[in-house]
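Have a look at the structure below before the remarks.
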Amino acid sequence: MKKYYALTLLLLIGLVFVDAKKAYAQDPEFTQFYANPLYLNPAFAGAANCPRVAINYRNQWPGLSGTFITSSASYDQHVKSLYGGLGLLVTSDNAGKGTLKTTNISGIYSYHLPVNRTFSIRAGFQATYFQKSLDWDKLTFGDMIDPRKGFIYESQEQVRGGNVSNIDFSAGLLAYTTNFFIGGAVHHLTEPNESLLASTDGSPLPMKITGHAGAIIPLGAGSKYTENDASVSPNILFQQQDNFQQLNMGLYVRKGAIVGGLWYRNKDSFIALVGFQTKAFKFGYSYDVTVSKLTNATAGSHELSMTFNFPCKPPRKRFRTVSCPSF
């Protein structure tokens, strides 16, 4: 059965991105949402004050031979003279064993507005250069199949597609207090064309709207949260891109350096997470347990994250870091 799933995947890639005059794609996703903050919302740039490096890797549906592998690396820090943070985000997405490759390079600025001692707002702006490429030699078609021997013939399909590059823009907003945060982001504001064909209509990348909110509730005696306290953090995250909608509801529990989490994605999967964190380093592993009809074929999804926090001068009294989950 895996062969048929893999064949279907490759054919879908060919149909959606090559033969269609007008197709709509969706962004790859990371389910350790807050371990990749700049990918979630550009307003997170500089929110940790000190320099921060985040590395993320996701292997989606390894049970299929045409798996999806997405990785990213980011750097951000607060810059006092700019009244906000700067960030750099690089992502790479490979679908169908590299049949379709997408690379994004983003520069981010977020403005920090301390409203009062306990409430702050950040507004983020992101400019992205992306490149998408199709390896035609890795596609398979029906005229290549022999009923007995399988794929033995050369396809008569005309070679189409190749490379496309464009500029993209996104923006985000984040508001937070000591223990509560709420934010939203709009990616692909101009819906740039990502068609691999010289088509008049093109293939616009649909706008993606994200809303997220959560709180950190201390379990200790005090009312204020500190990094060494035990805590519980309920969260909700909603995303919509074109006709696709996704609602995620989750809960993190932390005790000292150990973090555990569980998310539910609307009728699709459960996400289980375990993480370890100190002031300087964070590591997380999560597994998506598929509960849809693809359960037996996909083998779920694996995701790894690492974050390095570098020391710097203490922030000003009016600067408040975001108290949000680490993964």
Open item on the list: Can a side-chain donor-acceptor contact be found between His212 and Asn235 if the only test is distance below 3.5 angstrom?
Closed with: no
Task: Closest contact, heavy atoms only, Thr190 versus Ile167 - done: OG1-O, 4.4 Å
Open item on the list: Nearest 0.5 angstrom please: Asn36 CG to Thr307 OG1, how far?
Closed with: 8.5 Å
Task: Donor-acceptor side-chain pairing of Asn116 and Thr118 below 3.5 angstrom - done: yes
- [ ] Could you check if a side-chain atom of Leu82 sits within less than 4.5 angstrom of a side-chain atom of Tyr109, using non-hydrogen atoms only?
- [x] yes
TODO: Establish, from distance only, whether the side-chain atoms of His302 and Tyr57 form a donor-acceptor pair under 3.5 Å.
DONE: no
Task: Shortest non-hydrogen contact from Gly284 toward Gln32 - done: O-NE2, 3.5 Å
Task: Backbone of Ala45 reached by a side-chain donor or acceptor of Arg122 within 3.5 Å - done: yes
TODO: For residues Phe125 and Ile108, determine if any side-chain heavy atom of one lies less than 4.5 Å from a side-chain heavy atom of the other.
DONE: no
TODO: Test Phe130 against Asn166 for side chain to side chain contact (heavy atoms under 4.5 Å, CB included), laying out the working first.
DONE: CA-CA 6 Å; Phe130 72 84; Asn166 212 331; 3.3 Å; yes
Open item on the list: Strictly below 4.0 Å, N to O, side chains only: are Arg265 and Glu29 in salt-bridge contact?
Closed with: yes
- [ ] Apply side chain to side chain contact (heavy atoms under 4.5 Å, CB included) to the pair Gln131 and Lys101, showing each step before the final yes or no.
- [x] CA-CA 8 Å; Gln131 184 178 68; Lys101 296 182 179 180; over 6 Å; no
Task: Ring-ring centroid check Phe281 Phe308, cutoff 6.0 Å - done: yes
- [ ] Would you give the length of the straight line joining atom CH2 of Trp263 to atom CD1 of Ile236, rounded to the nearest 0.5 angstrom?
- [x] 8.5 Å
Open item on the list: Using modelled atom types and a 3.5 Å cut-off, is there a donor and acceptor pairing between side-chain atoms of Asn266 and backbone atoms of Leu247?
Closed with: yes
Open item on the list: One pair to check against side chain to side chain contact (heavy atoms under 4.5 Å, CB included): Asn104 and Thr91. What are the steps and the verdict?
Closed with: CA-CA 5 Å; Asn104 298 271; Thr91 63; 3.2 Å; yes
Open item on the list: Given 3.5 Å as the limit, does a donor-acceptor pair link the side chain of Arg254 with the main chain of Gly256, or not?
Closed with: yes
- [ ] Please answer: with hydrophobic residues joined when any side-chain heavy atoms are less than 4.5 Å apart, are Phe33 and Val322 in the same cluster?
- [x] yes
Open item on the list: Just by distance, no angles: are the side chains of Gln126 and Thr128 close enough, under 3.5 Å, to form a donor-acceptor pair?
Closed with: yes
- [ ] Tell me yes or no: between the side chains of Asp168 and His187, is some donor less than 3.5 Å from an acceptor?
- [x] no
Task: Pro206 backbone acceptor or donor facing Gln241 side chain under 3.5 Å - done: yes
TODO: Determine whether the aromatic ring centres of Phe327 and Tyr34 lie less than 6.0 Å apart.
DONE: no
Task: Tyr83 ring center within less than 6.0 Å of His78 ring center - done: no
Open item on the list: Quick check: is Leu113 connected to Leu86 through a chain of hydrophobic side chains (ILVMFWY, heavy atoms under 4.5 Å apart)?
Closed with: yes
Task: Donor-acceptor side-chain pairing of Thr70 and Arg58 below 3.5 angstrom - done: no
